[in-house]
Each structure stands twice: as structure tokens, then as C-alpha cells.
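As C-alpha cells, the structure follows; a few thoughts come after it.
Numbering of residues begins at 1 and proceeds along the displayed sequence. Reckoned from all heavy atoms, side chains included, excluding hydrogens, waters and symmetry mates.
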Amino acid sequence: DQFNAVREREKMFKDLFITRLIEIGRISPVRIASVDVSIGLAGALPNTTNANVIIVRTQLLERAPYIYSYYRPTDEPIQTPGENEEKLEDIRNLETCAELCSGKQGPDCKSFHHCQDSTCYLSKLETSDGDPVEGDVDCFHWINGVDNETFPDYPTALVYDEVVNAIVHGQFIFGFDYKNSSVGYEASASIIYQTPDPLDLVRIQFRFELRSKTLVNPDRVENGETPDECLLMCVSWREFRCETVVHQERDSKCLLSRTHFHDLNTTDFKPHEFAYVYARSYLNDYSPVLGGIALNTTGPIYTNISHLDECARFCSKETSIQCESFEWCFADKVCHLHSERYLDVVDGGNYLTGTSCIHYSKRDDQLFSRYPHQSLTTSQHHLVSSHTTPEACAKLCVEDMDEVCQSYDFCTSCVSDDYGVCSEDNEGTTNLCFLAQHHVGEPNLKLSKAVNCDHYSRDVFGDQDYASWVASQRKSNKPYTPGAMTGLAFGMIFLGILLVIGTLALVSAFKPTAVPKDLSLNIIPSRSAGSVGGESDI
């Protein structure tokens with residue numbers, strides 16, 4: 001009934017979900033740009049289908065700048081703070097001072113003074129509070145112009161914290177009447193994608209980090225009119241893996257750096273008006289496995305981790321093991337790293353379900369460069385699977401035991417215009433995967449135009465890039481064996497929140513059964529619900 005009720009009364013479900021999100025996150029409803037509900041197909045794993053969850057994807061706009069709630073009085077020729085006002089130092093940004101007044105003291109803060117010496121004074125009055133402070137201080141007075149404010153309208157990062165806290169304490173629940181009975185729903189996990197646009201294939205790979213700053217010593221400077229041009233340039237740059245990119249709007253420049261934003265120091269940046277800094281999202285190299293999955297294997301553990309992206313960074317930078325997956329346990333903010341992926345242990349059942357953790361495994365398609373609307377010909381590749389996904393096709397290529405797969409082609413459909421690459425025999429077949437022993441850059445190798453196909457050439461072979469791997473093959477005259485490639489190297493402002501909703505009736509016996517799309521139709525067994533670190537099941 002819970003699933004049928006969502007299908008038949010989706011508007012009711014969405015309305016109740018939005019109402020609960022507004023109540024818990026304490027946000028304005030105008031910030032909710034869209035709500036999408038999907039049932040059954042979780043997309044949790046590149047080659048599996050989970051049928052026991054409801055996914056709610058919410059696009060949430062960031063709140064308006066706090067300074068927009070304030071105005072500067074025109075009848076105050078001298079705007080000097082009073083000695084009874086709370087003084088905060090090293091507050092260089094006007095917006096930060098406005099945020100402190102709105103959030104720190106709430107309704108008690110009526111106005112603030114922001115001064116040229118980077119001090120911020122918070123006042124409980126709409127005027128200066130007390131005698132003027134001593135010294136020659138150049139300040140501006142700002143008064144809160146919002147009347148009858150009923151909620152604080154939290155920034156998105158704080159909204160996410162409130163949502164996670166509600167999930168941990170079993171408070172993100174709602175229900176409605178259906179067929180003379182009541183159906184109930186409880187959120188079991190939440191994922192936030194802090195990217196410029198989580199639905200864009202390029203933008204989802206980045207996080208917006210900083211404004212009004214630029215790089216002092218970038219590795220490369222190129223022309224770029226828009227942020228999208230700079231992001232695309234960073235993704236497709238071949239000389240080095242671009243980790244940080246700055247778009248300088250006024251002079252239309254893209255500054256690329258091989259060093260990740262979180263590995264740079266404050267001295268690596270300098271002030272620059274209308275400059276915007278983006279960094280690669282570590283989370284984009286991994287795919288989520290829903291259902292409270294937690295592997296039983298051992299690995300490094302990090303505590304006090306407040307965000308999924310931070311946990312992904314630890315996995316990507318770990319040196320004590322070759323990290324292939326991780327769990328972020330939101331109840332206790334712990335990050336578990338593993339040298340195995342979910343698919344490595346699923347057959348043996350060496351994992352728990354229903355925990356307060358979110359599992360991520362590395363994506364094989366991150367090992368490849370994509371060439372859209374192009375493909376090898378039928379004589380250069382061979383069909384290995386259909387009705388699959390690009391990620392699953394990448395996995396088949398990497399784990400090919402019969403040959404050293406150097407590239408693959410993925411076609412969403414096979415039509416007459418593409419017979420030269422997908423073969424007339426496959427007419428009408430969808431989502432086809434072709435593997436090949438050819439690579440872009442080979443002498444005399446040319447890709448053919450293909451409307452419904454994309455070519456993916458492999459960038460990493462074991463611990464070597466393509467150029468190093470080719471050189472090693474020439475020296476040894478022996479191809480790499482698939483077994484030697486097990487150590488793989490991996491080269492949401494519009495924010496998105498993804499919530500996984502589980503039914504109250506099923507939550508205690510939740511089993512995320514999965515049906516592989518590109519293998520046989522065998523149900524993968526799941527262990528019974530358990531817990532990690534003494535946390536109760538959710």
C-alpha cells in the first residue's frame with residue numbers, strides 16, 4: 001500500500017514531504033525549485049536495480065544574501081557603534097556581519113555596524129547602543145528591515161544538518177489516509193550534492209568553493225567567457241588532471257591548477273573582484289549503494305567527519321590502503337574506508353544493511369575519457385552486453401579476463417544511421433556495450449560519427465596512465481594481464497538534496513534486494529538488518 005499510495009497520490013506525497021522539509025529545515029518554500037519522486041529504480045549501483053526504496057530528489061536554491069534584509073539609514077550623518085554592542089573582530093566581509101546579526105542573536109539583533117578595520121558590532125537596538133566607541137572608526141550602520149520574521153531561512157548546509165539530525169532521531173516522518181487505512185513514511189538517509197548543478201554531467205563534478213579570490217600561480221591560463229567553459233576545459237584538459245579552476249568574469253579567463261583546492265593554502269590565493277573558484281568533487285568518483293549498506297571488512301576509520309565529500313576525500317587520498325569504497329555514518333559522523341568495493345563482497349554477504357551509514361564504491365567509468373557522438377566501427381569492437389549502463393560497461397572493460405580492454409563504445413540505441421558502428425543485427429536493441437583493444441591516439445585510428453553512441457578511451461592501466469602503459473608494452477613486448485590491473489588509480493549556487501524514504505511498515509525488515517542488469521537474473525542475497533558501532537537501525 002505504501003508504494004501504491006505514492007503512485008496514485010503522488011501530489012499528496014510531495015506536498016507532505018515539502019511541508020516536512022520546510023518545518024525541519026526552517027526554510028522559505030520559494031527555495032524549493034523542484035521535487036521528483038521515483039519508486040523501485042534507485043540507481044544505487046551502476047548495474048543493479050533496488051526495489052525497496054522511494055527516492056525523493058529535491059533541488060534547493062540557496063537562501064538570498066543576508067544583507068538584503070538590511071538597509072542603511074540616510075538620516076545618520078555619523079554612524080558610530082556604541083560601547084554596549086557586541087564586538088566581533090576579523091570580520092572582513094559585509095555579508096558575514098549581516099549573517100552574524102541574523103543568526104547569532106536572532107530577533108535580539110536589530111542592527112549592526114561594519115567597519116573598515118574588519119570589526120563587526122551587533123546591536124539590540126535600531127540605533128547605536130551606548131556611548132560611541134573610542135577611536136577614529138570608519139563604519140556603516142545597517143538596520144534590519146524585515147518585519148514579523150517567522151523563520152530564519154537557514155542556508156542549505158545548515159538545512160542539511162537539520163535534516164540529518166531529524167533522520168537520526170526518527171523525526172522525518174509523515175503519512176496520509178489511503179484505502180480506509182493510514183500509510184506512513186520515514187526518511188532513512190539523506191545525501192547532499194553541493195555542486196553548481198547536480199543534474200548537469202559537467203557541473204556535478206565540481207563544488208563551488210570561493211568568490212572574489214583567484215590563484216596566484218595557476219598551472220595554466222586560458223580564455224573563457226563563462227563558468228561552464230572553464231569547467232568543461234578543466235574536465236577535458238589532457239596535459240594534467242585539473243583539480244581546481246577559477247573563472248575571472250571581467251577579463252574572461254580560466255585559471256587551471258593541478259592542485260586540489262583543499263590542498264592549497266591561503267597564500268596561494270589573492271583578492272580579485274568577480275572571480276569564482278571551483279574544485280573537483282571527490283564524491284563524483286564514487287557511486288552510492290543505498291539501503292544502509294556497511295561492509296564488514298577492516299580499514300582506516302576517521303572521526304568527526306561532517307560531510308560525505310570530506311569522507312570521499314579521505315578515501316581518494318588514503319595511502320595506508322588502496323581505498324575502493326567508504327561509508328559515512330551520519331549518526332556519529334564517522335568515516336570507514338575499505339580496500340574492497342560492494343560488488344567484491346556482495347556474493348559472500350560480508351556486509352550489513354539498515355545501518356545509519358551511506359556506502360559509496362568507486363566508479364569504473366572515471367578511468368575513461370568520453371568522446372560524445374563518436375564510435376569505433378563494427379570491425380574494431382565487439383558486443384558484450386545490452387540493456388546496461390555506461391558505468392557497467394566500464395566495469396566490464398576493466399575486469400575483462402580475455403583481453404586488455406583499452407576502450408569501449410556505448411550506444412543508447414541502434415538505428416540505420418549507426419549501422420556502421422552498432423551493426424544492423426542489433427537494430428532496435430537499446431543500451432549496447434562494445435569492448436575494444438583500440439585507443440584514441442593510435443596511428444591511423446579514427447572515430448566514426450555516431451548519433452546515439454559515445455566512445456570511452458581508457459586513461460588508467462593499473463597504476464600507469466595510457467602513455468606510460470604503451471611505453472611499458474613496447475619494452476616488454478608482453479601485454480598486461482587482467483590480474484595485474486587490480487590496483488586501479490582514479491584520476492551540488494544550485495544545491496541538490498536526495499532523500500531516501502522507507503516505509504514505516506518495512507523499515508525493521510528492510511532488505512535491498514538487487515537485480516543485476518548486465519548479468520544473469522539472480523537475486524543477490526542480503527544480510528538481515530544490523531548496526532554499526534552500536535547505532536540503532538534506521
Side-chain angles (χ1 to χ4, degrees), residues 61-68 88-100 102-103 112 114-120 138 140 142 155-158 192-198 200 202-237 239-284 306-307 309-310 312-313 316-317 492-495:
L61 296 169
E62 188 52 276
R63 62 154 290 140
Y66 285 95
I67 193 62
Y68 289 173
L88 303 171
E89 297 181 342
D90 197 26
I91 308 298
R92 302 180 183 181
N93 190 284
L94 177 65
E95 171 67 11
T96 303
C97 194
E99 181 179 356
L100 289 168
S102 298
F112 68 87
H114 187 249
C115 307
Q116 295 300 314
D117 61 353
S118 298
T119 54
C120 175
D138 186 11
F140 292 100
W142 294 82
T156 302
L158 186 54
I192 183 172
Y193 292 95
Q194 295 179 304
T195 77
D197 185 351
D200 184 275
V202 174
R203 291 183 178 186
I204 194 176
Q205 300 183 48
F206 294 88
R207 283 184 55 162
F208 175 76
E209 300 287 358
L210 200 61
R211 60 166 47 89
S212 301
K213 296 281 187 180
T214 191
L215 288 166
V216 176
N217 295 307
D219 293 308
R220 191 77 179 189
V221 180
E222 297 287 333
N223 294 326
E225 296 287 337
T226 66
D228 284 343
E229 286 184 43
C230 293
L231 297 181
L232 182 59
M233 189 181 301
C234 185
V235 169
S236 57
W237 199 255
E239 183 180 342
F240 54 83
R241 176 179 165 88
C242 173
E243 296 286 355
T244 305
V245 57
V246 181
H247 177 236
Q248 295 180 177
E249 184 178 2
R250 284 288 176 86
D251 50 1
S252 300
K253 296 293 183 183
C254 302
L255 283 64
L256 311 183
S257 174
R258 68 181 79 229
T259 306
H260 196 276
F261 174 82
H262 292 290
D263 295 322
L264 294 168
N265 300 316
T266 54
T267 55
D268 294 317
F269 293 93
K270 61 183 179 181
H272 192 289
E273 194 175 17
F274 300 108
Y276 306 90
V277 182
Y278 300 86
R280 289 261 199 172
S281 170
Y282 288 103
L283 198 61
N284 190 63
S306 59
H307 194 273
D309 208 273
E310 188 178 357
R313 180 171 181 263
S316 298
K317 306 285 284 187
M492 189 170 32
I493 291 199
F494 207 142
L495 307 180

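The side-chain contact (heavy atoms from CB on, under 4.5 Å) test with Leu215 is passed by exactly one of Leu256, Leu264, Val277: Leu264.
In terms of heavy-atom proximity, Pro155 sits nearest to Glu62 at CA-OE1, 3.4 Å. Scanning all heavy atoms of the two residues, the minimum distance from Val246 to Ala275 falls at CG1-CB, 4.2 Å. For Leu61 against Thr156, the heavy-atom pair with the smallest separation is O-OG1, 4.0 Å. Of all non-hydrogen atoms in Asn93 and Glu95, the two that sit nearest each other are OD1-N, 2.7 Å.
With sequence neighbours excluded, no residue satisfies ring-ring contact (aromatic ring centres under 6.0 Å, His included) with Tyr66. Every residue meeting the ring-ring contact (aromatic ring centres under 6.0 Å, His included) condition with His260, not counting sequence neighbours, appears here in chain and number order: His262, Tyr282.
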Intermediate values then yes/no, side-chain hydrogen bond (donor to acceptor under 3.5 Å, both in side chains), Thr119 and Asp117: CA-CA 6 Å; Thr119 54; Asp117 61 353; 2.6 Å; yes
Trace of the side-chain contact (heavy atoms from CB on, under 4.5 Å) decision for Lys270 with Thr214: CA-CA 6 Å; Lys270 61 183 179 181; Thr214 191; 3.7 Å; yes
Intermediate values then yes/no, side-chain contact (heavy atoms from CB on, under 4.5 Å), Asp268 and Val216: CA-CA 5 Å; Asp268 294 317; Val216 176; 5.5 Å; no
side-chain contact (heavy atoms from CB on, under 4.5 Å) between His307 and Ile192, intermediate numbers included: CA-CA 9 Å; His307 194 273; Ile192 183 172; 3.0 Å; yes
side-chain contact (heavy atoms from CB on, under 4.5 Å) evaluation trace for Asp263 with Arg313: CA-CA 11 Å; Asp263 295 322; Arg313 180 171 181 263; 2.8 Å; yes
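Distance check, rounded to the nearest 0.5 Å: CG of Asp219 to OG of Ser257 gives 4.5 Å. Between the CD atom in Glu222 and the CH2 atom in Trp237 there is a gap of 4.0 Å [rounded to 0.5 Å]. Rounding to the nearest 0.5 angstrom, the gap separating the CG atom in Asp90 from the OG1 atom in Thr96 is 10.0 Å. Atom CZ of residue Arg258 and atom CZ of residue Arg241 lie 13.0 Å apart, to the nearest 0.5 angstrom. From Phe261, atom CZ reaches atom CZ of Phe206 across 14.0 Å, with rounding to the nearest 0.5 Å. Taking CG of Asn223 as the start and CD of Gln248 as the end, the distance is 11.0 Å to the nearest 0.5 Å.
Checking side-chain atoms of His114 against main-chain N and O of Trp142 turns up no donor-acceptor pair under 3.5 Å. The backbone N or O of Arg207 sits nowhere less than 3.5 Å from a side-chain atom of Ser281 that would complete a donor-acceptor pair. The closest donor-acceptor contact from the side chain of His247 to the backbone of Phe274 lies at 3.5 Å or more, if one exists at all.
Asn265 and Thr267 form no side-chain donor-acceptor contact under 3.5 Å, judged by distance and modelled atom types alone.
Cysteines Cys254 and Cys230 have SG atoms closer than 2.5 angstrom. With 2.5 angstrom as the limit on SG-SG distance, Cys242 and Cys234 come in below it.
The aromatic rings of Tyr276 and Phe208 are tilted relative to each other, their planes meeting at an angle between 30° and 60°.
Between Leu231 and Val245 there is a side-chain heavy-atom pair separated by less than 4.5 Å. The shortest side-chain heavy-atom distance between Phe112 and Leu94 falls under the 4.5 Å cut-off.
Within 6.0 Å of the OH atom in Tyr68, the count of heavy atoms belonging to other residues, nucleotides or ligands does not exceed 12.
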